[in-house]
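From a predicted model like this one, the values you see are computed outputs, not experimental measurements. Every chain is numbered from 1, with letters handed out A, B, ... down the list of sequences.
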Protein chains: 2
Amino acid sequence: MQLDGRLSRMLHLLIHLDRAEGPMTSEAAAAMLGTNAVVVRRTLAGLREAGIVRSTKGHAGGWTLSRPLDDLRMLDVYKALGEPRIFAIGLADPAPQCLVEQAVNASMSEALHRAERLLVEQLSTITLGDIAADFDRRLRGHLEGRAEHA
Amino acid sequence: MQLDGRLSRMLHLLIHLDRAEGPMTSEAAAAMLGTNAVVVRRTLAGLREAGIVRSTKGHAGGWTLSRPLDDLRMLDVYKALGEPRIFAIGLADPAPQCLVEQAVNASMSEALHRAERLLVEQLSTITLGDIAADFDRRLRGHLEGRAEHA
DNA sequence: AATCATGAAACATCGAGAGTTACGTTACTG
DNA sequence: CAGTAACGTAACTCTCGATGTTTCATGATT
């Protein structure tokens with residue numbers, strides 16, 4: 001994976017955590033995400049500090065959601081991950097002497113910032129509850145599709 | 001530089017090409033951009049295929065702009081670069097079996113695509129002529145600033 | 001005491017842009 | 001026509017951050 005898939009993975013995992021009964025181990029989460037348990041712990045660490053999940057050690061331990069999905073916006077998760085870099089493209093030199101490059105930077109920054117604001121606005125609008133509701137719709141559609149074939 | 005600075009660099013360079021008299025060598029361009037001549041050639045190759053610049057070999061050779069800046073939109077340059085990846089974040093799995101992940105992907109793709117559309121729209125609105133005009137304003141301001149100190 | 005789980009450090013892997021070296025080709029110059 | 005200046009290109013290396021892996025320590029349950 002050449003992209004930063006942490007936000008995507010965490011959204012996926014958090015909804016499963018909500019659906020799960022009792023704590024989910026890093027091992028189980030890793031199997032679900034197709035990755036390694038240490039990667040899961042590392043990534044969830046930020047969410048724990050942000051109060052999104054709780055972890056318990058020992059027997060029957062693991063990860064638990066500490067808020068309802070409706071109180072969780074995609075933006076909260078993004079911030080809990082440390083607000084990773086959004087864009088793969090950027091300025092060659094953020095503080096150039098050359099006035100030409102300064103003008104280029106002004107145009108590019110403006111465009112990038114606007115796109116970033118739109119993205120952040122959307123992340124703040126959509127809750128994990130919304131995504132879970134979409135999942136439920138997909139699940140019903142999926143089951144109906146199977147029923148028709150029966 | 002951890003970001004893709006090609007668009008930024010090419011915008012910068014193209015305006016200098018417009019201002020320059022006669023062809024500019026890759027070596028001179030590299031010095032201006034703080035990089036290597038081979039990097040310049042490699043990057044400009046795409047712009048040449050897109051008809052944005054021309055290259056001539058031999059004595060007094062180098063790179064020349066083949067269109068006026070007002071006919072060049074930032075988007076043209078972006079496309080000539082092969083439309084590089086815009087976002088550093090993305091989906092962990094673009095075609096998952098899991099319906100939860102499908103729902104997550106739907107939300108994230110939607111948000112990312114909207115942000116991308118806004119960015120592309122802006123890149124298509126701004127011409128290199130606009131940026132050059134902004135440079136001219138900055139230059140006047142710069143000279144006035146120096147004059148006041150004199 | 002044994003086991004199961006997280007916490008965390010240390011290191012390897014990977015991909016893409018960037019940088020570098022080297023050599024071939026083309027075109028001008030004297 | 002030899003020399004030189006420039007692009008064209010292949011084939012590397014370097015870098016950086018996310019990802020993956022190994023290992024050991026710590027804490028909680030049985």
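- Other residues sharing a hydrophobic cluster with A/V38 under the 4.5 Å side-chain heavy-atom criterion for ILVMFWY residues do not exist; the residue is a singleton.
- Taking atom NE2 on B/H59 and atom C1' on C/dT29, their separation rounds to 5 Å, with Å as the unit.
- Atom pair B/N36:CG and D/dC14:C1' shows a separation of 13 Å (rounding to whole Å applied).
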Using nucleotides 7-11 of chain C, report all nitrogen or oxygen pairs with the protein that are shorter than 3.5 Å.
residue : atom : partner : partner atom : Å
C/dG7   : OP1  : A/R48   : NE           : 3.3
C/dG7   : OP1  : A/R48   : NH2          : 3.2
C/dG7   : OP1  : A/S55   : OG           : 2.9
C/dG7   : OP2  : A/R48   : NH2          : 3.2

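- Residue contacts shown for A/G58 include a base, since a base heavy atom lies under 4.0 Å away.
- Residue pairs meeting the salt bridge (Lys or Arg N to Asp or Glu O under 4.0 Å) criterion with at least one partner in residues 17-46 of chain B, sequence neighbours excluded, are B/R19-B/D136.
- B/S8 places a side-chain N or O within 3.5 Å of a backbone atom of A/A92 that can act as its donor or acceptor partner.
- We find that CD of B/Q2 is positioned 15 Å from C1' of C/dG15, with the value rounded to whole Å.
- With sequence neighbours left out, the side chain to side chain contact (heavy atoms under 4.5 Å, CB included) criterion links B/M24 to B/L13, B/H16, B/L17, B/A20, B/A28, B/A29, B/M32.
- Heavy-atom distances to DNA chain D give each of A/T43 and A/A60 a nearest nucleotide, and the one nearer the 5′ end belongs to A/T43.
- Residues meeting the side-chain hydrogen bond (donor to acceptor under 3.5 Å, both in side chains) test with A/Q122, sequence neighbours left out: B/R114.
- At a non-hydrogen distance threshold of 4.0 Å, nothing from residues 72-86 of chain A comes into contact with DNA chain C.
- Sorted by residue number, the members of residues 11-30 of chain B with any non-hydrogen atom under 4.0 Å from DNA chain D read B/M24, B/T25, B/S26.
- Of the possible donor and acceptor atoms, none in the side chain of A/N105 sits under 3.5 Å from a partner among the backbone N and O of A/A95.
- In terms of the salt bridge (Lys or Arg N to Asp or Glu O under 4.0 Å) criterion, residue partners of A/R138 (sequence neighbours excluded) are, by chain and number, A/D134.
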Do any side-chain atoms of residues 79-89 of chain A form donor-acceptor pairs under 3.5 angstrom with protein atoms, and if so which ones, sequence neighbours left out?
residue : atom : partner : partner atom : Å
A/R85   : NH1  : A/F87   : O            : 2.8

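- In this structure, the CZ atom of B/R54 is 16 Å from the C1' atom of D/dC7, given to the nearest Å.
- Alongside B/L118, the hydrophobic cluster contains A/L118 (criterion: ILVMFWY side chains under 4.5 Å).
- In this entry the distance linking CG of A/D4 with P of C/dC14 reads 19 Å, nearest Å.
- The side-chain hydrogen bond (donor to acceptor under 3.5 Å, both in side chains) search around A/D130 returns A/T127, not counting sequence neighbours.
- Here C/dG17 presents its P atom at 5 Å from CZ of B/R6, a figure rounded to the nearest Å.
- When the side-chain hydrogen bond (donor to acceptor under 3.5 Å, both in side chains) test is applied to A/D76, the partners found at least two apart in sequence or on another chain are A/R73.
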